[in-house]
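Below: one structure, written as structure tokens.
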Amino acid sequence: MKYVDGFVLAVPNANREAYRQYSEKSSLVFKEYGVLSIVECWGDDVPPGKLTSFPLAVQCKEDETVVFSWMTWPSKEVRNAAWNKVMADPRLNSESNPMPCDGKRMIFGGFEVMVDL
């Protein structure tokens with residue numbers, strides 16, 4: 001059964017192109033380890049909430065935009081077998097591919113695909 005890792009983060013507007021380049025470099029590594037697809041979405045209509053919202057969850061500042069992203073794996077087993085290898089890959093270390101945003105405010109989760117339409 002397919003498995004999805006999802007992410008929500010705040011990226012400085014000035015770093016939009018840097019984030020796109022970061023994502024392209026990172027995606028090559030993830031795909032080598034088995035990811036089927038990666039989608040990166042730059043927020044366009046993401047209203048702030050009063051109680052909950054994407055901007056509140058990632059403490060989005062006025063000069064930042066919410067990014068919503070997910071990657072699809074063939075299965076949780078493939079993802080689990082690859083994850084530590086991906087994180088140890090030198091192409092993803094902060095010196096060679098620095099994250100152009102505050103990764104401490106990123107929300108991340110793994111999800112079993114229930115329906116794939």
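The basis for the numbers below is simple: all heavy atoms, side chains too, and nothing from hydrogens, waters or symmetry mates. For the single chain, residues carry numbers from 1 onward in sequence order.
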In a table with atom names and distances, give each donor-acceptor pair under 3.5 Å that connects a side chain of residues 45-60 to protein atoms at least two apart or in another chain.
| from | atom 1 | to | atom 2 | distance (Å) |
| --- | --- | --- | --- | --- |
| Ser53 | OG | Gly49 | N | 3.0 |
| Ser53 | OG | Leu56 | N | 3.1 |

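- Minimum interatomic distance between Lys85 and Ala81 (heavy atoms only, all atoms of both residues): CE-O, 3.7 Å.
- Heavy-atom minimum distance, Phe108 versus Asp5: CZ-OD1, 3.7 Å.
- Judged as a side-chain contact (heavy atoms from CB on, under 4.5 Å), and not counting sequence neighbours, the contacts of Asp63 are Lys61.
- Across every non-hydrogen atom of Met71 and Val35, the tightest pair is SD-CG2, 3.8 Å.
- Leu9 and Cys101 make their closest contact through CD1-SG, 3.2 Å (heavy atoms, listed as atom of the first residue, atom of the second, distance).
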Query raised in the report: Which is it for Glu64 and Arg105 under the salt bridge (charged side-chain N to carboxylate O under 4.0 Å, His left out) test, yes or no, and what are the steps along the way?
Result: CA-CA 12 Å; Glu64 296 177 324; Arg105 291 187 283 147; 2.7 Å; yes
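- Sorted by first then second residue, the salt bridge (charged side-chain N to carboxylate O under 4.0 Å, His left out) pairs that include residues 29-41, not counting sequence neighbours, are Glu32-Arg91.
- Residues meeting the ring-ring contact (aromatic ring centres under 6.0 Å, His included) test with Tyr33, sequence neighbours left out: none.
- Distance OH/Tyr22 to OG/Ser27: 11.0 Å, rounded to 0.5 Å.
- The distance from atom NZ of Lys2 to atom CH2 of Trp73, rounded to the nearest 0.5 Å, is 14.0 Å.
- Listed by chain and residue number, Trp83 satisfy the ring-ring contact (aromatic ring centres under 6.0 Å, His included) test with Phe30 (two or more places apart in sequence, or in another chain).
- In this structure Trp70 satisfies the ring-ring contact (aromatic ring centres under 6.0 Å, His included) test together with Phe68, sequence neighbours excluded.
- Distance CG/Asp89 to CG/Asn84: 12.5 Å, rounded to 0.5 Å.
- The OH atom of Tyr3 lies 8.0 Å from the CD atom of Glu112; values are rounded to the nearest 0.5 Å.
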